[in-house]
Amino acid sequence: MPRFFSRGFFIVKKKTRRKLNHRKQGFRGALALALHFTLLTAAQAWAQGATPQPAQKTDVPIPAVLEVTDETGRQVKIPQAVRRIVSLAPSLTETIYALGAQDRLVGVTDYCDYPPEAQLKPKIGGPINPSLEQLVALKPDLVLVTKSLNRRETVEALERLGIATYATDPRTVEGMLASTARLAELIGAGEQGKALVAGLRARLAELKRLLATHPARRVLFVVWHEPLISIGRDTFLADALRLAGAESVVNTTQDWPRLALEEVVRLQPDYLVFASSHADERERDFEALRGRPGWRSLEAVRQRRLAVISDAVNRPSPQLVAAIEELARQLHPEAFDAKPETRDEKNETRQPKKATAAKRWGARPCGR
């Protein structure tokens, strides 16, 4: 039987029982040499003229998770393909909708009520004490929490269950924009995030231009009136006031300080600012305050200098920019009346605008 052995890329058959004569060996040797030379020349020509192809690295595995640092300094491993998201804060739910990723949102809290479609999502309880059993049953790839609303114990419990949890902590309006961009990258919506944030920054820049020559109004932001609760200087709400052409008369490092009415009377704010999903109700509350001792000592109450805006301002989400614009229009109407109109705008028949907020945002000031 013939035996086979390998030389390079060729398999050669060796005969052992029958001798080849010298002439045949010489002829075959010459033929093999010519064939070898031809193949070598063709290989060199191919190497010079062909575009080198990158080698496929089949031995290097693609990582299944991405290790990132969240906004509280925690190291978090997040799946590269985030297909199922649970939000434990209304502001984060609004952000996911603003990024157009609502189809991947499989669970929200009982207080996630904007946009209205969010109320149709599966509920897992409140932000403080969500049902971990219901949450796990949703099989999320990623759970979103916020430091200002959710408990650390909830995050630690999710970590023990092996569920990726990313925490946000925006303290300013710019922090909200940066947080939105980071979330977009994490869930694979980077382009949508860039477009969204760029549009919001452009609106804030235009607002800054309009208010540049107008002095800031001194305001009291009323979170709750009985007991009287306002906002501290280091909150994103105080930053929102500044962008709307206002400054809080309350100067404290506490986020939600309780105030004595006598102190507010001493400070005498130019305006009282309320946030509500139902402006008519807030106006009725304000009228009731005018008859109470102490409150009627405020010049802003006697002169009825009141600004009622959508309570979207209570949540650090992209909708916050619209609330800032709304407040700026009420505090500085002259800045917007002076805005030059285009020819088309002058020719249009203008309809009177309603003073009430048309959209539901959730009435709880802490529901962020």
Side-chain angles (χ1 to χ4, degrees), residues 71 89-92 94 111 127-128 146-150 168-177 179 204 207 211 215-279 281-282 285-286 289 294-295 298 300-301 305-332 357 361-368:
E71 296 172 30
S91 60
L92 296 171
E94 293 177 15
Y111 299 107
I128 305 299
T146 184
K147 183 180 178 181
S148 62
L149 184 61
N150 304 113
T168 65
D169 187 29
R171 304 289 296 180
T172 62
V173 176
E174 176 58 34
M176 178 273 294
L177 297 175
S179 181
L204 290 172
L207 191 61
L211 300 177
R217 306 290 192 188
R218 297 175 64 255
V219 305
L220 173 69
F221 190 99
V222 182
V223 175
W224 203 255
H225 65 273
E226 195 174 347
L228 179 56
I229 300 175
S230 188
I231 59 173
R233 67 187 180 206
D234 297 328
T235 61
F236 76 90
L237 280 168
D239 189 48
L241 291 181
R242 289 188 284 268
L243 293 174
E247 62 179 2
S248 175
V249 295
V250 180
N251 185 18
T252 177
T253 57
Q254 298 179 40
D255 285 350
W256 312 105
R258 288 193 178 190
L259 304 175
L261 188 55
E262 294 78 10
E263 177 66 12
V264 177
V265 173
R266 185 186 68 81
L267 294 171
Q268 285 294 335
D270 300 329
Y271 277 80
L272 299 185
V273 179
F274 293 86
S276 176
S277 58
H278 303 287
E281 293 180 4
R282 279 299 190 184
D285 292 341
F286 180 78
L289 292 178
W295 284 97
L298 291 173
V301 172
R305 292 197 293 263
L306 165 70
V308 181
I309 60 173
S310 164
D311 58 357
V313 75
N314 289 324
R315 300 176 179 180
S317 74
Q319 291 294 332
L320 175 60
V321 174
I324 293 172
E325 293 170 331
E326 184 183 351
L327 178 58
R329 287 181 178 276
Q330 294 190 46
L331 297 180
H332 300 279
W361 301 86
R364 296 178 180 267
C366 61
R368 293 179 284 143

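We're numbering straight along the sequence, starting at 1.
Under a 3.5 Å cut-off, the side chain of S230 and the backbone N or O of F221 do form a donor-acceptor pair. A donor-acceptor contact shorter than 3.5 Å is absent between the side chain of H332 and the backbone of L211. Here the side chain of E94 pairs no donor or acceptor atom with the backbone of P318 at under 3.5 angstrom.
Among residues two or more places apart in sequence or in another chain, the side chain to side chain donor-acceptor pair (under 3.5 Å) test is passed with R233 by N251.
Residues in residues 235-246 take part in no side chain to side chain donor-acceptor pair (under 3.5 Å) pair, two or more places apart or across chains.
In this structure, L298 and V265 approach most closely via the heavy-atom pair CD2-CA, 3.6 Å. Across every non-hydrogen atom of P90 and Y111, the tightest pair is CG-O, 3.5 Å. Minimum interatomic distance between S310 and A275 (heavy atoms only, all atoms of both residues): O-CB, 4.2 Å. Contact between D255 and R171 at its shortest, heavy atoms only, is OD1-NH2, 3.3 Å. When all heavy atoms of I324 and A244 are compared, the pair lying nearest together is O-CB, 3.7 Å. Nearest heavy-atom pair across F274 and L306 is CD1-CD1, 3.1 Å.
Side-chain contact between L327 and V219 is absent, with no heavy-atom pair separated by less than 4.5 Å. For the pair N150/I128, no side-chain contact is recorded, criterion being any heavy-atom separation below 4.5 Å from C-beta on. In this structure, the side chains of V250 and I231 stay at 4.5 Å or more apart for every pair of heavy atoms. In this structure, the side chains of E247 and R218 come closer than 4.5 Å at one or more pairs of heavy atoms.
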(request) Quick one: do V273 and V313 satisfy side chain to side chain contact (heavy atoms under 4.5 Å, CB included)? Show the steps, please. (result) CA-CA 11 Å; V273 179; V313 75; over 6 Å; no

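Under a 4.0 Å N-O distance rule, the pair R329/E326 does not qualify as a salt bridge.
Between P127 and the options T146, L92, L149, a side chain to side chain contact (heavy atoms under 4.5 Å, CB included) holds for only L149. Each of L228, I229, L259 was evaluated against V222; a single residue qualifies, L228, per the side chain to side chain contact (heavy atoms under 4.5 Å, CB included) test.
The line from OG of S179 to CZ of F236 is 12.0 Å long, rounded to the nearest 0.5 Å. The distance from atom OH of Y271 to atom CG of L241, rounded to the nearest 0.5 Å, is 14.0 Å. Atoms CG and NZ, on D169 and K147 in that order, are 5.0 Å from each other to the nearest 0.5 Å. The CG atom of D311 lies 11.5 Å from the CD atom of Q319; values are rounded to the nearest 0.5 Å. For the atom pair CG (L320) and CG (L177), the distance works out to 8.5 Å, reported to the nearest 0.5 Å.
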